[in-house]
Amino acid sequence: PQDQPLLLQVMNRSRWDVAVMLIKAGASVTATNIEGMNAGGMLFSNWYPGSQQPLPSELVPLLLTNGIDVFARVRN
């Protein structure tokens with residue numbers, strides 16, 4: 001949906017490489033969508049081991065060092 005932050009939009013499309021670039025450019029990892037999910041929730045809703053889009057090794061450390069709320073909502 002267009003009403004959510006750009007970082008969440010690209011993560012919803014599993015564009016992990018773009019997500020890394022946005023975070024490095026200063027995108028907020030704590031911003032949420034209308035359902036209350038932040039970047040961590042979007043990651044764990046859209047990625048799984050063996051998925052076709054490999055996860056960049058730097059994404060999770062970037063999320064953690066930029067203050068992601070690890071207890072935020074993951075799914076409805």
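For clarity, every value in this text was computed on a predicted model and none was experimentally measured.
The list of salt bridge (Lys or Arg N to Asp or Glu O under 4.0 Å) pairs with a residue in residues 38-48, not counting sequence neighbours, is empty. For residues 37-52, the set of pairs meeting the salt bridge (Lys or Arg N to Asp or Glu O under 4.0 Å) definition, not counting sequence neighbours, is empty. Counting only residues at least two apart or on different chains, no salt bridge (Lys or Arg N to Asp or Glu O under 4.0 Å) pair has a member in residues 25-34.
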When the side chains of residues 54-63 are checked against the rest of the protein, which donor-acceptor pairs come out under 3.5 Å, sequence neighbours left out?
from : atom 1 : to  : atom 2 : distance (Å)
E58  : OE1    : K24 : NZ     : 2.9

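At least one donor-acceptor pair closer than 3.5 Å links the side chain of Q9 to the backbone N or O of Q4.
Under the side-chain contact (heavy atoms from CB on, under 4.5 Å) criterion, S14 pairs with W16, N46, Q53, sequence neighbours left out. In this view, D17 and R15 satisfy the salt bridge (charged side-chain N to carboxylate O under 4.0 Å, His left out) rule, not counting sequence neighbours. S28 is linked by a side chain to side chain donor-acceptor pair (under 3.5 Å) to T30, counting only residues two or more places apart in sequence or in another chain.
For the pair I68 and G40, the tightest heavy-atom approach, listed with the atom from each and the gap, is CD1-N, 2.9 Å. The nearest pair of heavy atoms linking A39 to M11 is O-CE, 3.3 Å.
Looking at N33 and M42, their side chains come closer than 4.5 Å, going by heavy atoms from C-beta outward.
Remark: N66 CG to I23 CD1 distance equals 6.5 Å, nearest 0.5 Å. For the atom pair CE of M37 and CG of L43, the computed distance is 11.0 Å after rounding to the nearest 0.5 Å.
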